[in-house]
Amino acid sequence: MALWMEKGSDPTTESEIADLQAIAALKESAALEFKVLSLFSFSFSFSFSFFLSYLVSDEKGNEYVRQGKKHYSDAIDCYTRAINQNALSDSETSILYANRSHVNLLLGNYRRALTDAEEAIKLCTTNVKQCLSVDKAHYRAAKSSLLLNLLDEAKLFCDSGLERDPDNKELKKLARKIDFQKQKQEEQEAQVSKALAEAKDLSSAIENRGLKIGKPMFQELTGLRKPVLDKNSILHWPVLLLYAELSNMFSEDSPPLSWDKENNYTREAIELYYEAGSGIFLSKTKLLRYLLEGTAGANVESIGDEEKDLDGSISEYSAGKGSSKWVKVNEKRKLHDILKEPNFIIPGIPVFYVVSMTSSFYKDFRAGKWAPPS
């Protein structure tokens with residue numbers, strides 16, 4: 001009663017004491033029922049009053065829930081007002097928290113639903129037998145945790161609830177769902193871990209060979225193809241060959257060499273070139289991100305040691321006196337040796353351009369007057 005009385009105004013007569021006792025009993029009853037809106041004023045010889053207002057019942061909150069989603073916020077308000085009275089027993093307050101948890105679940109407020117359910121469980125720990133809300137609180141805590149993807153916590157709440165009530169069908173069903181989700185998550189984590197380990201091994205193999213990987217090109221043709229490191233630590237490279245002269249070389253509908261009506265592209269006439277010159281090779285971190293594309297680890301937030309490294313670059317390469325950026329490939333050399341050339345930044349996978357020495361296009365190509373489409 002100290003909240004509503006002035007200092008030094010303790011009741012002295014039997015009538016005043018009886019009034020105060022009635023008020024205390026009414027407050028407890030109202031906090032439990034919360035059906036009425038009342039204003040009480042009392043005048044004693046020392047004159048004091050208090051205001052008890054807007055006490056909405058737990059039953060009224062339940063009624064709001066039954067009325068549908070438009071009234072869920074009203075239900076939460078009812079339960080909150082009842083809880084804030086601090087006039088009920090722990091088991092009675094636990095019911096209010098459990099009910100509010102239920103409405104928060106319906107609204108998709110999963111974090112709030114979990115907090116309320118945990119509070120309901122906590123209030124039941126001293127006298128579990130008399131606490132009617134504890135089973136529902138465990139279920140709602142487990143379901144909220146599941147919806148928040150807190151699978152370990154969800155399983156703990158389910159297990160705790162089933163210890164109390166082994167035959168609870170709702171908890172059993174939810175426990176099976178949690179176990180299924182945990183299995184899926186563990187499988188996904190294993191796949192991510194494997195993809196990350198393979199990408200790191202591949203990145204190390206590329207670095208140890210002194211190769212430089214740049215921004216991927218022509219992915220509309222190559223898709224997500226990447227080098228593969230086998231169990232014998234041998235690197236296998238997919239290679240893209242492009243006919244520079246072919247105007248529609250990116251068309252999937254173009255049959256091979258059907259355009260070569262002058263028969264320029266014979267085995268004796270063709271040469272292979274790669275593009276050298278200014279370029280940027282990927283840092284270790286960006287290389288790992290590239291190698292993870294298309295794998296289970298593509299969306300992983302952290303790749304372990306996030307190196308604070310920078311992309312590298314090489315200065316423009318010039319062949320002879322002209323401004324050509326094309327380097328002819330010696331056919332007798334191995335792919336590994338060509339890729340190690342200091343002026344060769346591999347655009348994701350190696351790209352080589354096929355030209356014919358007998359074609360009219362050859363002179364312009366050698367003079368550096370042709371560039372691949374960006």
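In this chain, residues are counted from 1 in sequence order. Computed from a prediction, not measured in an experiment: that's the story for all the values here.
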Kindly compute the distance separating NZ (Lys286) from CD1 (Ile280), expressed to the nearest 0.5 Å.
8.0 Å
Given Tyr273, which of Phe352, Phe365, Trp326 fulfils the ring-ring contact (aromatic ring centres under 6.0 Å, His included) condition?
Phe365
Sorted by chain and number, sequence neighbours left out, side chain to side chain donor-acceptor pair (under 3.5 Å) with Thr93 holds for none
Stepwise side-chain contact (heavy atoms from CB on, under 4.5 Å) test for Ser203 and Leu291:
CA-CA 8 Å; Ser203 175; Leu291 295 175; 4.0 Å; yes
For Ser89 and Ser91: C-alpha separation, side-chain torsions, deciding distance, then whether side chain to side chain donor-acceptor pair (under 3.5 Å) applies.
CA-CA 5 Å; Ser89 67; Ser91 61; 3.2 Å; yes
Under a 3.5 Å cutoff, is there a donor and acceptor pairing between the side chains of Tyr110 and Asn104?
no
Tell me every residue that passes side chain to side chain donor-acceptor pair (under 3.5 Å) with Lys155, counting only those two or more places apart in sequence or in another chain.
Asp179
Considering only residues two or more places apart or on different chains, which pairs with a residue in residues 107-117 satisfy salt bridge (Lys or Arg N to Asp or Glu O under 4.0 Å)?
Arg100-Asp116
Heavy atoms, side chains only, cut-off 4.5 Å: are Phe157 and Ser145 in contact?
yes
Is His71 reaching over with its side chain to a backbone N or O of Gln67, donor-acceptor style, under 3.5 angstrom?
no
I'd like to know if the side chain of Asn330 and the backbone of Lys332 have a donor-acceptor N/O pair within less than 3.5 Å.
yes
Could you please spell out the steps behind the side-chain contact (heavy atoms from CB on, under 4.5 Å) verdict for Leu242 and Val354?
CA-CA 6 Å; Leu242 295 177; Val354 183; over 6 Å; no
To the closest 0.5 Å, what do you measure between OG (Ser101) and CG (Leu96)?
12.5 Å
Lys NZ or Arg CZ of Lys60 over Tyr64 ring: under 6.0 Å, within 45°
yes
Asn109 side chain to Ala113 backbone, donor-acceptor under 3.5 Å:
no
Counterpart residues, side chain to side chain donor-acceptor pair (under 3.5 Å), relative to Asp201 (two or more places apart):
none
Apply the hydrophobic cluster definition, ILVMFWY joined by side-chain contacts under 4.5 Å directly or through others, and give me every member besides Leu151.
Tyr139, Leu146, Leu162, Leu171, Leu174, Ile178
Using only atom types and a distance under 3.5 Å, with no angle test, would you say the side chain of Ser144 pairs donor to acceptor with the backbone of Arg140?
yes
Set of residues satisfying side-chain contact (heavy atoms from CB on, under 4.5 Å) with respect to Asn299, sequence neighbours excluded:
none
Under the side-chain contact (heavy atoms from CB on, under 4.5 Å) rule, what do Leu107 and Ile76 come out as? Steps first, then yes or no, please.
CA-CA 10 Å; Leu107 286 170; Ile76 287 180; 3.6 Å; yes
So do Val355 and Leu272 actually touch side chain to side chain, heavy atoms under 4.5 Å?
no
Would you say the side-chain atoms of Ser160 and Glu163 include a donor-acceptor pair closer than 3.5 Å?
no
Lys328: partners by salt bridge (Lys or Arg N to Asp or Glu O under 4.0 Å), with sequence neighbours left out:
Glu271
Min side-chain heavy-atom separation Pro216-Pro347 under 4.5 Å:
no
Please check if the side chain of Asn84 supplies one atom and the backbone of Thr80 the other of a donor-acceptor pair under 3.5 Å.
yes
Write out all pairs satisfying salt bridge (Lys or Arg N to Asp or Glu O under 4.0 Å) with one or both partners inside residues 165-175, taking only residues at least two apart or from two chains.
none
Min side-chain heavy-atom separation Leu114-Leu150 under 4.5 Å:
yes
Kindly indicate, with the supporting measurements, whether the criterion side chain to side chain donor-acceptor pair (under 3.5 Å) is fulfilled by Glu118 and Thr115.
CA-CA 5 Å; Glu118 287 177 316; Thr115 301; 4.8 Å; no
Whether the side chain of Lys226 engages the backbone of Glu293 through a donor-acceptor N/O pair (distance < 3.5 Å, no angle test) should be reported.
yes
Connecting only ILVMFWY residues whose side-chain heavy atoms lie within less than 4.5 Å of each other, what is the rest of Leu156's hydrophobic cluster?
none
Closest non-hydrogen atoms of Ile234 and Arg209, given as atom of the first, atom of the second and distance, are CA-NH2, 4.3 Å
Contacts of type side chain to side chain donor-acceptor pair (under 3.5 Å), residue Asn264, not counting sequence neighbours:
Glu262, Thr358
Does any part of the side chain of Glu275, heavy atoms only, come nearer than 4.5 Å to the side chain of Pro372, both counted from C-beta?
yes
Residues Lys334, Glu341: salt bridge by 4.0 Å N-O rule:
no
Tyr79 side chain vs Asp74 backbone, donor-acceptor pair below 3.5 Å:
no
Non-hydrogen side-chain atoms of Val300 and Arg289 separated by less than 4.5 Å
yes
Which value, rounded to the nearest 0.5 Å, describes the distance between Ile213 atom CD1 and Ile349 atom CD1?
10.0 Å
CG on Leu339 to CD1 on Ile345, rounded to 0.5 Å:
12.5 Å
Applying side-chain contact (heavy atoms from CB on, under 4.5 Å), run through Leu211 and Trp237 and close with a yes or a no.
CA-CA 12 Å; Leu211 309 180; Trp237 287 92; 3.7 Å; yes
Checking Tyr265 against Glu245 for the side chain to side chain donor-acceptor pair (under 3.5 Å) test, could you report, in this order, the C-alpha distance in whole Å, the side-chain angles of both residues, the deciding distance, and whether it holds?
CA-CA 11 Å; Tyr265 284 79; Glu245 186 176 2; 2.7 Å; yes
Which heavy atom of Gly297 sits nearest to which heavy atom of Ala195, and what is that distance?
N-CB, 3.8 Å
d(Tyr274 OH, Ile346 CD1) to nearest 0.5 Å is 10.5 Å
Any side-chain to backbone donor/acceptor pair from Ser359 onto Ser356? Under 3.5 Å, distance only.
no
Is any side-chain heavy atom of Asn62 closer than 4.5 Å to one of Arg66?
yes
Just by distance, do the side chain of Asp337 and the backbone of Arg333 share a donor-acceptor pair under 3.5 Å?
no
Taking only residues two or more places apart in sequence or in another chain, which ones pass ring-ring contact (aromatic ring centres under 6.0 Å, His included) with Tyr362?
none
Distance in Å, Leu229 CG paired with Lys200 NZ, rounded so as to fall on 0.5 Å steps
15.5 Å
Under 3.5 Å donor-acceptor pairs involving side-chain atoms of residues 182-193, not counting sequence neighbours:
unit_1	atom_1	unit_2	atom_2	d
Lys182	NZ	Asp152	OD1	2.6
Gln183	NE2	Glu187	OE2	3.4

Over all heavy atoms of both residues, which pair between Leu202 and Leu235 is shortest? Give the atoms and the distance, please.
CD1-CD2, 3.3 Å
Looking at every non-hydrogen atom in both residues, tell me the closest pair between Ala137 and Ala120 and how far apart they are.
CB-CB, 3.7 Å
Close side-chain approach of Trp370 and Tyr353, heavy atoms under 4.5 Å:
yes
